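Just below is one structure, and these are the notes that go with it.
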Amino acid sequence: MATAALCFRAFALSVACFLLALPLLMAQDPSNLSLKHYSKTCPNAEHVVRAEMECAVRDEPRNAALMLRLHFHDCFVQGCDGSVLLDDTATMIGEKQADQNVNSLKGFEVVDKIKAKLEAECPGTVSCADLLAIAARDAVVLVGGPYWDVPVGRLDSKEASLDLANKDIPTAEQGLVTLISKFWEKGLDATDMVALVGSHTIGFARCANFRDRIYGDFEMTSKYNPASATYLSKLKEVCPMDGGDDNISAMDSHTSSTFDNAYFESLIKGEGLLNSDQEMWSSIAGYSTADTVNKYWADPELFFKQFSDSMVKMGNITNPAGGEVRKTCRFVNT
């Protein structure tokens, strides 16, 4: 017994020494995120991001939705670690080539501009993951949405995962049960899901992502309303049954440039552009989500409050593998 105990202590000591020898690049605890992370090292970080976002949205209002979507697609793969920003290399195919990203995920040039300004202000200090989180918040505010404080201190991943991007990012064709499970896997519940999908109040979708919807059950969910029929006719002009995959249409046909709750009215009318969105109202499994849609349409302040809370909750999903602060968002440090 004494010999066994000594052997165990020796084994434990060797494991401890091994762990101490590992680089300090291991796990990142989301509780380490803080509102004051850059207060001494880069106090003007948020000001720099905000100034660049103001220019970007002024030049092209769609940039607001693009930056918000980049943050979402980043957080759903490995956590909010900037992995979505990595370009392909000779040894890695990045997340930009994933089914839900290729030909549709944009805004990388805006990120490059912001990162260049941050590096000039505070070299090697502000991570690309934090940049995305702050820029997404500012994007929402600049088009009329709510403000929330963004905890910072994320690290940038040294790897991207095409496989996880294809597996984890929700798609326009998926049913409600699958969508809820994908959010649940990230620590987000159905209420978070409805609020976060409410970001579709701004932005556009490609024809390839809504073709099945408009040539499928759109008329049934909109109860063959004449006004809905007119809208559907316009959608079919934009998105024919064959070809035109890259043609786009606003996901909120009423106020596509303003972050508000009008999007939820579209779902109640059965006019959601994406099947995955309409499922939250029309699915037989969607009693609770339909009730939430009703509440957000009736009370914009409730929607804004929950959206802000859910954005913080999603933004707190960190990559347990840790990482670095990249000097450029497209490539890992050398």
Side-chain angles (χ1 to χ4, degrees), residues 62 64-66 68-73 76 98-106 165-166 168-183 188 190 192-223 225 228-229 231-241 244-286 289-290 292-294 296-297 303 307 310 314:
R62 284 186 61 197
L66 298 180
L68 184 55
R69 189 164 184 253
L70 272 177
H71 180 47
F72 181 94
H73 282 223
F76 258 67
D99 293 340
Q100 292 303 299
N101 294 340
V102 68
N103 298 323
S104 63
L105 205 61
K106 304 180 187 297
N166 280 324
D168 291 354
I169 298 173
T171 71
E173 297 79 24
Q174 288 172 331
L176 184 62
V177 174
T178 299
L179 293 169
I180 290 176
S181 68
K182 285 196 170 186
F183 277 79
L188 302 167
D192 295 313
M193 182 189 75
V194 178
L196 291 171
V197 175
S199 63
H200 288 172
T201 184
I202 56 174
F204 291 72
R206 295 172 64 234
C207 164
N209 288 324
F210 63 84
R211 178 181 286 116
D212 288 347
R213 164 79 173 128
I214 64 175
Y215 290 99
D217 65 352
F218 188 100
E219 289 179 291
M220 182 183 68
T221 59
S222 62
K223 300 179 175 60
N225 186 309
S228 299
Y231 174 47
L232 177 60
S233 178
K234 292 179 180 178
L235 290 174
K236 289 182 176 179
E237 290 178 7
V238 172
C239 184
M241 291 193 71
D245 283 2
D246 291 329
N247 296 346
I248 59 174
S249 182
M251 287 182 281
D252 177 351
S253 61
H254 303 290
T255 56
S256 61
S257 297
T258 303
F259 195 100
D260 56 22
N261 67 332
Y263 156 84
F264 294 107
E265 181 185 21
S266 298
L267 302 186
I268 293 170
K269 290 182 176 180
E271 296 178 354
L273 184 63
L274 302 179
N275 178 72
S276 53
D277 291 5
Q278 191 59 48
E279 281 275 298
M280 296 190 302
W281 168 260
S282 301
S283 172
I284 58 174
T289 56
T292 305
V293 168
N294 281 332
Y296 291 165
W297 168 234
F303 166 50
F307 182 81
S310 295
M314 181 183 75

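Everything numeric in this text was worked out from a predicted model, so none of it was measured. The analysis underlying the following values was restricted to heavy atoms, covering all of them including side chains, and did not include hydrogens, waters or symmetry mates.
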Okay, side chain of [X], backbone of [Y]: is any donor-acceptor separation there less than 3.5 Å?
| X | Y | result |
| --- | --- | --- |
| E173 | S276 | no |
| N247 | C207 | no |
| R213 | G272 | yes |
| T289 | G286 | yes |
| N166 | A98 | no |

How many angstroms lie between atom [atom1] of [X] and atom [atom2] of [Y], to the nearest 0.5 angstrom?
| X | Y | atom1 | atom2 | value |
| --- | --- | --- | --- | --- |
| L232 | L273 | CG | CG | 10.5 Å |
| T201 | E265 | OG1 | CD | 11.0 Å |
| S253 | K234 | OG | NZ | 9.0 Å |
| L196 | L188 | CG | CG | 6.5 Å |
| K223 | K269 | NZ | NZ | 12.5 Å |
| W297 | S266 | CH2 | OG | 8.5 Å |

For a 4.5 angstrom cut-off between non-hydrogen side-chain atoms, does [X] reach [Y]?
| X | Y | result |
| --- | --- | --- |
| L105 | Q100 | no |
| W281 | N294 | yes |
| M280 | M193 | yes |
| T258 | D252 | no |

Review point. Stepwise, does the side-chain contact (heavy atoms from CB on, under 4.5 Å) test hold for I169 with N101?
Key: CA-CA 9 Å; I169 298 173; N101 294 340; 3.9 Å; yes
Would you name the heavy atoms of [X] and [Y] that are closest together and state the gap between them?
| X | Y | answer |
| --- | --- | --- |
| I202 | M251 | O-CE, 3.9 Å |
| S249 | L235 | OG-CD2, 3.3 Å |
| L179 | Q174 | CD1-O, 3.6 Å |
| L267 | Q278 | O-NE2, 3.0 Å |
| E279 | L176 | OE1-N, 2.9 Å |
| T221 | G270 | OG1-O, 2.9 Å |

Exercise for review: State which residues pass side-chain hydrogen bond (donor to acceptor under 3.5 Å, both in side chains) with N209; sequence neighbours excluded, sorted by chain then number.
Suggested key: none
Exercise for review: Using side-chain hydrogen bond (donor to acceptor under 3.5 Å, both in side chains) as the criterion, list what pairs up with S222, not counting sequence neighbours.
Suggested key: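 None.
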Review point. Using the ring of each side chain (for Trp, its six-membered ring), is F183 parallel, tilted or perpendicular to F72, with breaks at 30° and 60°?
Key: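 Rings of F183 and F72: tilted, as their planes differ by 30° to 60°.
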Practice item. May I ask you to decide if the ring planes of F303 and F259 are parallel, tilted or perpendicular, using 30° and 60° as cut-offs? Key: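 Geometry flag for F259 against F303: parallel rings.
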Practice item. Any chance you could lay out the side-chain contact (heavy atoms from CB on, under 4.5 Å) test for Y231 and N225, step after step, and finish with the verdict? Key: CA-CA 10 Å; Y231 174 47; N225 186 309; over 6 Å; no
